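Here the structure comes first, spelled out in structure tokens, and everything after it is commentary.
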Amino acid sequence: MEITKHFFFNLSLLMIILFFSLIWVEKKQGKAISKFWLYLWFLALLASCLVFSYHKDNYIYLDLRSIPILIGGLYFGIGPLLCISVIVIRGFYGLDAGFLLNTLLYLSLAFFLWKLHPWFWAQSPRRRWLLTLMAGILLNILTIIFIEIVSPPENRLDAYFAYLVIPSMGLGMISYAVEFVSKNAQMRQELVQTEKLHAVEQMGAAISHEIRNPLTAAIGFVQLLQEHNLTPVKRQEYLSIIRGELESAERVIQDYLTFSKPTLDKIESIDVNRELQQVVKILKPTANKHSAKIITNLAVSSYVYGDRQKFHQCFINVIKNSIESMPHGGFILIETQTTESSISITIKDTGIGMSKEQVQRLGEPYYSTKGSKGTGLGMMVVYSIIRAMEGKIYVESEEGTGTLFRFVLPLRK
Ligand code: ADP
Ligand code: MG
């Protein structure tokens with residue numbers, strides 16, 4: 001059973017290469033592989049067959065070259081190229097009768113593969129699999145006939161078994177793997193598509209709530225401003241309400257922009273204490289409305305690298321959540337502490353707190369427990385900004401007691 005043994009060895013080699021190529025394709029995550037690399041890859045498969053072919057007679061080399069050629073030709077449309085390559089490589093082994101038959105066989109195969117490839121892809125996966133198998137059997141029967149003409153094998157059973165069973169096994173397995181991988185890639189793509197659609201839907205819903213509400217309110221107060229007998233005090237009050245509403249709409253838009261493009265636009269030096277104080281100032285009116293008292297306890301001034309506007313946005317989102325977690329008022333403590341290389345910013349509230357599951361889901365897009373009042377984007381934006389600043393976030397929370405967020409950012413060198 002010399003030939004069979006040889007072929008089994010050949011097949012295991014192909015399988016090992018196939019195994020690594022599957023990992024490679026998975027890593028590329030469905031990105032297209034160029035024809036050039038495909039060709040090189042199949043050339044390597046071909047070479048691994050030819051180098052280890054079974055050689056008994058002067059001009060007969062027996063191996064599984066039909067497998068890479070059929071797979072490459074049917075599935076990837078590089079059949080003609082591979083056929084020419086196999087003819088050239090076989091030429092190096094000697095220009096004999098075997099070479100002539102090989103040339104004859106693979107030249108005609110090149111033509112068939114070239115014609116067959118587009119039609120092949122139009123078939124259903126199951127039919128493609130069957131077709132590959134049948135093409136393999138046909139090609140190997142032809143090869144056996146050629147061998148019988150040139151130099152009949154001593155052990156017919158061995159040769160027939162080797163040529164009919166092993167290549168079919170190999171082709172069946174490889175074609176199955178190719179189908180499996182391409183189906184997976186297709187499914188993944190569909191999933192991404194659905195998710196994108198879902199994101200757009202969510203965005204529409206959030207825009208109608210989060211942006212239309214403040215705009216409607218602002219329009220209402222603009223109409224009130226148009227009345228003639230308004231006292232200056234009233235006028236001032238309306239203007240500040242309008243401003244607040246517009247700012248809140250602007251923040252939602254800002255969150256969406258950061259959500260779709262989370263990288264930092266510019267890198268600048270940020271004075272942490274100064275910026276935190278600014279954020280507190282911006283949020284004072286909201287805090288007052290909720291009877292939340294903000295207490296700051298800031299260490300010596302220190303600097304980090306980042307985008308100042310995003311830094312603002314990040315801490316506005318966190319502190320706003322703290323304020324909203326205390327419908328009946330409470331305290332928010334903002335503290336900073338520095339070490340040699342980092343600064344830690346702690347924001348602690350006495351609000352409703354979160355369950356373990358809620359803490360785990362923080363930062364997930366559209367995760368909100370506030371119904372139509374929330375966008376579920378705030379924390380997601382916070383996480384992406386802190387990640388871009390190469391910082392870390394720690395959360396401790398207990399339901400009914402409150403929440404503590406700790407941000408650790410590397411200091412400017
Ligand atoms: P939104 O505020 O629009 O709901 P966020 O992404 O800002 O979305 O927050 C997501 C969820 O995380 C909130 O709905 C809330 O359940 C929870 N959460 C965030 N911060 C706090 C906090 N300080 N206290 C209690 N729950 C919080
Ligand atoms: Mg929020």
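Read the numbers this way: they start at 1 and go in the same order the structure lists the ligands and their atoms. These figures come from a predicted structure and were not determined experimentally.
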Just need the protein heavy atom nearest to [atom], so name the residue and atom and give the distance.
atom	answer
atom 11 (C) of ligand 1	Y367 O, 3.9 Å
atom 7 (O) of ligand 1	N321 ND2, 2.8 Å
atom 23 (N) of ligand 1	D349 OD2, 2.9 Å
atom 14 (O) of ligand 1	T369 N, 2.8 Å

#### Entry: Intermediate values then yes/no, side-chain contact (heavy atoms from CB on, under 4.5 Å), E2 and D158
CA-CA 7 Å; E2 269 305 298; D158 182 21; 4.3 Å; yes
Ring geometry between [Y] and [X] (parallel below 30°, tilted from 30 to 60°, perpendicular above 60°):
X	Y	answer
F405	F407	parallel
Y163	F7	perpendicular
H55	Y61	parallel

### Message
Run the side-chain contact (heavy atoms from CB on, under 4.5 Å) test on T369 and Y367 for me, step by step, so that the C-alpha distance in whole Å, both residues' side-chain angles and the decisive distance to 0.1 Å come before the verdict.
### Response
CA-CA 7 Å; T369 53; Y367 172 67; 3.6 Å; yes
### Message
I352 versus ligand 1: do any nitrogen or oxygen atoms come within less than 3.5 Å of each other?
### Response
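The answer is no, given that I352 and ligand 1 share no N or O pair closer than 3.5 Å.
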### M354 N/O under 3.5 Å from ligand 1 N/O
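Among all N and O atoms of M354, none is under 3.5 Å from an N or O of ligand 1.
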### Query
Touching ligand 1 at all, T375? Heavy atoms, strictly under 4.0 Å?
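It does; at least one heavy atom falls under 4.0 Å.
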### Query
Hey, does S322 sit under 4.0 Å from ligand 1 if you only count heavy atoms?
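It does, in that a heavy atom of S322 comes within the 4.0 Å cut-off of ligand 1.
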Please identify which atoms of ligand 1 are closer than 4.0 Å to at least one heavy atom of [X].
X	answer
Q358	16 (O)
G374	3 (O), 4 (O)
G378	5 (P), 6 (O), 7 (O)
M379	5 (P), 6 (O), 7 (O), 9 (O)

### Query
Where is the tightest heavy-atom contact between A135 and L70, given as atom of each residue plus distance?
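Heavy-atom minimum between the residues: C-CD1, 3.8 Å.
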At a non-hydrogen distance cut-off of under 4.0 Å, which region of [X] contacts ligand 1 (side chain, backbone, both, or neither)?
X	value
K320	neither
N317	neither
S325	side chain
L362	side chain
T403	side chain

### Query
Could you walk me through whether F99 and Y93 pass the ring-ring contact (aromatic ring centres under 6.0 Å, His included) check?
CA-CA 8 Å; F99 171 75; Y93 287 74; over 10 Å; no
### Message
Can you confirm if the NZ or CZ of R412 lies within 45° of the ring axis of Y303 and under 6.0 Å from the centre of its six-membered ring?
### Response
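Positive - R412 is close enough to the ring of Y303 and near enough to its axis.
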### Query
Strictly by modelled atom types, are K5 and N10 linked by a side-chain donor-acceptor pair under 3.5 Å?
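There is no such pair between these side chains.
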### Message
Contact between K370 and N321 at the side-chain level, heavy atoms closer than 4.5 Å - yes or no?
### Response
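Answer yes - side chains close enough.
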### Task
Step by step, work out the side-chain contact (heavy atoms from CB on, under 4.5 Å) result for L18 and S21.
CA-CA 5 Å; L18 176 75; S21 46; 4.1 Å; yes
### Task
Please find out if the Mg ion (ligand 2) and some N, O or S atom of M379 are separated by less than 2.8 Å.
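Here the distance criterion (N, O or S atom, under 2.8 Å) is not met by M379, so no.
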### Query
Nearest non-hydrogen atom to atom 1 (P) of ligand 1 belongs to which of G376, G353, G371?
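Result: the heavy atom closest to atom 1 (P) of ligand 1 is in G376.
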